[in-house]
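The chains referred to below are lettered A, B, ... by the order of the sequence lines, with proteins before strands, and numbering in each begins at 1. The figures here come from the full heavy-atom set of this structure, side chains too, leaving out hydrogens, waters and symmetry mates. Keep in mind that this is a model prediction, so the values were computed, not measured.
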Amino acid sequence: MLEKHSGPDRVRRWPGTIPVLHRYTPGVAGETFFDALRDRGVLLGSRCGTCGFTYVPARLFCERCFAELAADTEVGPGGELVSFTIGFVGLNGGPLDEPVTLGLVRLDGADAVLCHRILDPGGDEPLGIGQRVEVVVRPPDERTGSILDIAGFRLQ
Amino acid sequence: MGRRAAVVGAGMTRFVRRAQETGKELAWEAARAALDSCELTLADVDAVCLTSAPDAFDGVHMKGEYLSDGAGGWGKPTIRTYVGGGSGVFVGIQAWYTVASGMADVVLVVAEEKMSSCQPHPQGAFLTIFDSVLERPLGPNLLWIFALEMNRYMHAYGVDKRDIAAVAVKYKRNAADHPSALLGGTEVTIEDVLASETLAWPVQRLDVSPVSDGAVALVVAAEGVAERITDRPVWIEGVGWNLDTTYWTNRDLVFPEYVANAARMAYEMAGVTEPRKQIHVAEPYDPFDYKELHHLEGLLLFDRGKAPEAAREGVLDRGGDLPSCPSGGLLGVGNPIAAAGLMKLAELFWQLRGDAGARQVPGTPERGVAQAWGDLMQVGTVVVMGVEGVSEGRPAGPAAMEVPTPPTEPRGRGLSEAEFRAAPGAVEHALDARYAWDAGVAVGRFLDGLREGRIVGRECRGCERVLVPPRMFCERCFRSSDAWVEVETTGTVQTFSICHVAWDMERLEEPQIPAVVAIDGSDGGFLHLLGEVGSSQVRIGLRVEAVWRPEDERTGSIQDIAYFRPVAEEG
């Protein structure tokens, strides 16, 4: 039934796209989180008293027990490095100009971890899981209410 | 058929144009409201059945997994099903078989949609519903498929547009009594509908349900458990689902066979032998006003072509003999795709318990049917629900409820366009999804034929059809097709539309006239554009011929046919 094409140039292809752009609003809890980050330079989490779990960023509800939560707990600025990776390859497979280091950090007061860049990880000492880090928030005039208002985590 | 299952609780958010809430937050609001309505907690839930329409609407890959925390799925068996617009009713079927199989006693059922994220218009996410090789080069938009179906239906039965416009008016009037409604209002008249902007004739702006955000949730429980949760469970008595071919240009759009097949499946399971008598309230799927009529006939509640008459006579009004969409439907309440379908099951739940408040249909309805539809006019999903003990002295009308029917107290608000644009922390990403689609074996040869100025098809000797567009296997006989056949380059217009807008809803300078042309010498046909014809001259049944591009400009594309024009009349 199937016909074989001997030459790859005989396989005709039709290019196309899915032409959409998405605008993601942060939601009810997200707006509170980003307002606080922008206006006060603090990170807000949400504590579920029933489950004994503090989420960060702040959340409207606890996914474990479905209770309604508030953005009631300030977390950080210090924290513990839970894991990290060093990326050498970009989105399309080509090499990055500079390697990028991402870390998962459990900020003081939180149970959930936050993912962000590790700043200036270089030097001769390799990164250590369990190492203490500190979140670096940009100066007020540079903050817009974005996750990038956080510059990253600095090793202590 | 396994254990019986009943709906024991329901909740929903308001349906709004742009929700402040994320999709997860919308899902949680509805799911929490559903659990609260029957005083259950998340710990009581054994499994989660979740649905949402294309990932591309919310702009989230693996949307089911993304929504699962808001749907109560953490640490539980959770699966998202998806069957286009049919999803919201299908997820009720998924809940039924999850319970009937014995795998779960209590299931949380959640449907969510956040279409506002998709810019400039959710239609952009839908363009790949058209065949990339044979249809997208023509520049189609989603309105075409509705317009082509509506035209065919109106033509076949001589339906007056006024009767269809009256449906839109009824919906908005019904929805005025729905607390979650986006578009409820008693002020819209038939004249308003008929005067509204023509988008793709015969579809006008007020014929169309609005893009919306929202979520709905149900709690479904097994027999033996349901009765401990509520003294008025609403049983899922019948379920049915059916899918028709994606070769939509090869079938007559006048009657939705797939809805009828799904309905028969559901009625048989429910023991319904005379649907018109035994169904007391209907919630057919109504993204456009004509669809209510089309679907009521597909649900075998009215003879073909007879639903408009019933509408005119008031049979479908809340106080009529067969109330249809007492909720106000998608046209009135709103159309967050998956959530809208589940809203219909929720409505039957409230109606059959006597809890529908100002929307309550009078009397003691015992059995209702909900239906949804989707894809490329392909899927029918049907659920029959019923209550027992009505004739044994159950009090009719609103009964005392400990928790209110919709909507839940919203934690967020509907955003205006300006607020949406200015929301703090908002992020925009363009989906850089680029594809190179293969024409495939059959369509490759078809395109070779077009370059040579010929239309070719494949013969299936099993069902004795000549298939155009050609395919290497027959989807009916499920065997290879047999031979290449050259067919004519003339044909007949099966249906058409006069389209004034592009897919992003911007007005076109010149209207386009898409048409489904049945090709002579074949049992099929395809979508193309008409040219050299005025809008007022186009009609169903018009004889047309292909107009070819000059030979040296042909590339092996559907556009090697520039358009079809009327065949010159003789004499």
Segment of B:Ala439 engaging chain A (4.5 angstrom heavy-atom cut-off):
both
Under 4.5 Å from any heavy atom of chain A, what part of B:Ser68 do you find: side chain, backbone, both or neither?
neither
Chain A contact via B:Arg136 - which portion, at a heavy-atom distance below 4.5 Å
side chain
Out of A:Leu148, A:Asp149, A:Leu60, A:Ile147, which one racks up the most heavy-atom pairs below 4.5 Å with chain B?
A:Leu60
Using non-hydrogen atoms and a 4.5 Å limit, figure out which bit of B:Ala19 sits close to chain A: side chain, backbone, both or neither.
backbone
Can you tell which of B:Lys24, B:His429, B:Lys114 has the highest number of heavy-atom pairs within less than 4.5 Å of chain A?
B:His429
Determine whether B:Tyr66 and B:Asp55 make a side-chain contact, defined as any pair of heavy atoms from C-beta on separated by less than 4.5 Å.
no
Heavy-atom pair count under 4.5 Å with chain A, highest-scoring of B:Asp432, B:Leu447, B:Val133, B:Asp58
B:Val133
Between A:Gly16, A:Ser146, A:Gly145, which residue shows the highest count of heavy-atom pairs closer than 4.5 Å to chain B?
A:Gly16
Checking salt bridge (Lys or Arg N to Asp or Glu O under 4.0 Å) for the pair B:Arg14/B:Asp213: CA distance, chi angles, key distance, verdict?
CA-CA 8 Å; B:Arg14 291 208 180 105; B:Asp213 297 344; over 6 Å; no
A:Gln131 side chain to A:Glu80 side chain, donor-acceptor N/O pair below 3.5 angstrom
no
Of the listed residues (A:Glu63, A:Glu68, A:His22), which shares the most heavy-atom pairs with chain B below a 4.5 Å separation?
A:His22
Name the option with the most non-hydrogen atom pairs under 4.5 Å to chain A; the candidates are B:Val60, B:Leu431, B:Leu415, B:Thr41.
B:Leu431
Bottom line for B:Leu26: the part with an atom under 4.5 Å from chain A's heavy atoms is neither
Is chain A contacted by the side chain of B:Ala27, its backbone, both, or neither, given a heavy-atom distance below 4.5 Å?
neither
Quiz item: cation-pi between A:Arg64 and A:Phe53, 6.0 Å / 45°:
yes
Scan side-chain atoms only and decide if A:Thr54 and A:Arg47 contain a donor-acceptor pair under the 3.5 Å cut-off.
yes
Could you have a look at B:Arg434, B:Glu21, B:Gln20, B:Glu25 and say which one has the most heavy-atom pairs with chain A under 4.5 angstrom?
B:Glu25
Just checking, any donor-acceptor pair under 3.5 angstrom between side chains of B:Ser52 and B:Glu112?
yes
Using a 6.0 Å distance limit plus a 45 degree cone around the ring axis, check whether A:Arg23 lies over the aromatic ring of B:Phe420.
yes
Before you tell me yes or no, could you show the steps for B:Arg479 and B:Asp482 under salt bridge (Lys or Arg N to Asp or Glu O under 4.0 Å), namely the whole-Å CA-CA distance, both residues' side-chain angles and the distance that decides it to 0.1 Å?
CA-CA 9 Å; B:Arg479 54 186 284 284; B:Asp482 297 289; 2.9 Å; yes
